[in-house]
Amino acid sequence: MSQAQSKRVTSRAHPADPCTVVIFGAAGDLTSRLVVPALYNMRRTGLLSDNFSVIGFNHGKMADNAWKKSLHTALERYVGNAGARLDEEAWGWLSSQMSYHAGDFDDLSAFQSLATKLKDAERRRGTQGNVLFYLATPERFFGDVIEQLKTAGLVDDGGADGKFWRRVIIEKPFGHDLASAHALNERILKVLREDQIYRIDHFLGKETVQNIMAFRFANGLFEPIWNRDRIDHVQITVAETVGVERRGSFYEQTGALRDMVPNHLFQLLAMVAMEPPTSFDAEAVRTRKAETIEAIRPIQPEDAVRGQYGPGAVNNQLATSYRDEPNVAPDSVTETFVALKLSIDTWRWSGVPFYLRTGKHMGRRTTEIAIRFKSAPFAPFRGTGMDAFGPDWLVLQIQPDEGISLQFDVKRPGPRVELAPVRMDFKYADWFRAEPNVGYETLLYDCMTGDATLFQRADMVEACWRAVQPILDDWAQRTPADFPNYASGSAGPASADTLLALGGRSWRPLNSAAELNARRTAKPKVDASASAEKKPGARKTAKRAAVKKTARVAAPKKAATKKATPARKVAVKKAPAKKAAVKKAPVKKSAAARKAAPVKKAAVAVKKAVVAKRARKK
């Protein structure tokens, strides 16, 4: 986009319905870090009704002003981190609508006095009796709180066509396996109708996730090739540079699989793989997503890899091992990394593998969906000295640097036929003025307006757990002997690479943008056909070299290291201090070498299998 072209404004919506938001767990981290900042941003962008109030429900007595002061401090930190100044006018209005209510979740009298406060808010604030209950609490309190709301008469709204509404937002995790998720659904649905329940997943509040459906179904260019005929495989990566931080106790009971796969990763998977809905009505979209999740073939243990981070360096900072984190057992076998290969049994995706991975203390923070297209026939390029095409990728970058990129091959300038990978990039920040956002604003607005498109139904929740249940059962019976098995700051354990290498594929490097830039500036390769004309017998040598290179495709980590070596040497010559730093960390090199070894073995195994197959045909 040219600098003269102004950025487009984001779309505007009418204010949400008048309502009161009751936050259970009002003194918790989720409230101060995400829920209240989201309400603050909604006020600034005109998404909140003027007839609005907030009641914070938490155990322990606290004055209204003390609660507001703690939230103000957290909000200043959030706004400061975004490089802005707190809008005191917006905060002043929001805080004037807030009050604190002390009570225990198992105390019926606290809920009865809450009913009195809600009546008062309806009279003084004009909220029309609409109430949004937000359960920002640990999972073990979900059922108790909802049953107390029922007993106190706080969820009755006269049905779907009533004059006012009562809705409940439930945070993840929704259960910890299939049985517990089914039991929780049964317990809640005895009290609430499905249209009153909003099972929230903050990943779906991100603009780039919501854009997936628009990108697929509003552009005639992509949907016709969105199938098994044109797509080789799909990779979904959610990599975090942070560790478990202060959540050691929670993580010990959860692990990466439960924490990320049945919700965040499967939601991204459903958006990519779903069939076109008949409309963008909430039920039509949710039905298509549920059908996709239900079509996931139960994942077998051999298609799952788990890992746990050891010591290392993340963002040039020393990082501790998971087992040395606070509130973590010194011999813990909880996984902090998961990689999966799964199949979707539908006509569109038959034979197309989906690879999912997520982990903590990884080399780079990124969330992306990468679609790898099948290669074109190579016949026209025979005799040009080339041995293969570069990969064609369509990448949906969810965070950071939200956008979409398309990578393909072009001819390198010059007299010879040589291809070079290039990339076209679209960045949201280049085209649209971004509003302050923590990812919850859209979701809260949808709850207040009754749009359930971005929320999970009971059947979808259970289908997600059903897909991963075989892995949970298998891992519960087998104790990993190699934990920790990947260094902090790396791309995960070597076995995750082997998972793809067995199919002749490889993960996209976490530093793929840097690698592509390095390829653009790399020197052109020697033309093998030209060398063959000058030197007798060189044609056979070039052919053997091509075979070796093809085998190395299954081990891209090693190839990437070789390509990066000259750049590293130049950097060392220019900066002696960096060279010294490299010498002090020989462990990192040996770890990389150990990681590449299984991948190399897998590549050799694949090559032998191909040779044997050809021999049998002869």
Side-chain angles (χ1 to χ4, degrees), residues 235-248 251 255-256 259-260 305-326 328 332 334-339 356-368 370 397-401 480 482-500 506-518 555-565 567-568 571-572 575 577-599:
Q235 295 183 21
I236 301 177
T237 296
V238 180
E240 301 178 276
T241 53
V242 299
V244 296
E245 298 177 306
R246 297 172 295 172
R247 301 196 307 157
Y251 216 79
D259 187 39
M260 297 294 291
V305 170
R306 54 178 160 172
Q308 185 187 93
Y309 64 79
V314 180
N315 294 333
N316 298 319
Q317 299 290 326
L318 290 178
T320 187
S321 170
Y322 173 74
R323 291 178 174 179
D324 293 327
E325 299 278 13
V328 172
S332 173
T334 299
E335 78 282 355
T336 61
F337 175 96
V338 175
L356 281 58
R357 64 173 168 171
T358 181
K360 292 188 175 295
H361 267 189
M362 304 286 278
R364 184 169 70 98
R365 172 178 172 262
T366 185
T367 299
E368 69 172 30
Q397 185 71 31
I398 308 301
Q399 65 178 12
D401 303 325
D482 60 345
F483 277 14
N485 59 356
Y486 72 95
S488 293
S490 70
S495 50
D497 293 333
T498 307
L499 186 67
L500 274 74
S506 62
W507 290 110
R508 284 171 52 81
L510 289 181
N511 59 340
S512 55
E515 184 187 54
L516 184 58
N517 290 332
K557 298 287 182 180
K558 187 173 180 180
T561 304
K562 285 188 175 181
K563 288 184 181 180
T565 302
R568 185 178 292 177
V572 171
K578 186 177 284 188
K579 184 175 182 181
V582 172
K583 286 184 177 180
K584 289 181 180 179
V587 178
K588 188 172 183 180
K589 284 188 176 181
S590 60
R594 287 196 305 271
K595 184 173 180 178
V599 185

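Heavy-atom basis, side chains included; hydrogens, waters and symmetry copies ignored.
Side-chain contact, E368 with T237: no donor N or O sits under 3.5 Å from an acceptor N or O. With 3.5 Å as the limit, one finds no donor-acceptor pair spanning the side chains of E240 and T358.
The two residues S332 and T334 make their nearest non-hydrogen contact at OG-N, 3.1 Å. When all heavy atoms of A256 and T336 are compared, the pair lying nearest together is CB-C, 3.7 Å. When all heavy atoms of W507 and A339 are compared, the closest pair comes out as CZ2-CB, 4.0 Å.
Annotation: side chain of R306 is not in contact with side chain of N485 (no heavy-atom distance under 4.5 Å). Residues L510 and M362 are in side-chain contact: their nearest non-hydrogen atoms beyond the backbone lie under 4.5 Å apart. Inter-residue side-chain proximity for R357 and L499 is flagged as unmet; no heavy-atom pair is nearer than 4.5 Å.
In this structure, the side-chain contact (heavy atoms from CB on, under 4.5 Å) partners of D259, at least two apart in sequence or on a different chain, are K172, R247, F250, Y251, T254.
Here NE2 of H361 is found 7.5 Å from OG1 of T241. Values are rounded to the nearest 0.5 Å. Here S488 contributes atom OG and K360 contributes atom NZ; the two are 12.0 Å apart, rounded to the nearest 0.5 Å.
A donor-acceptor pair is defined here as one N or O able to donate and one able to accept, closer than 3.5 Å; such a pair exists between the side chain of Q397 and the backbone of Q399.
A side-chain hydrogen bond (donor to acceptor under 3.5 Å, both in side chains) check over residues 308-321, counting only residues at least two apart or in different chains, returns the pairs Q308-R323, Y309-E325.
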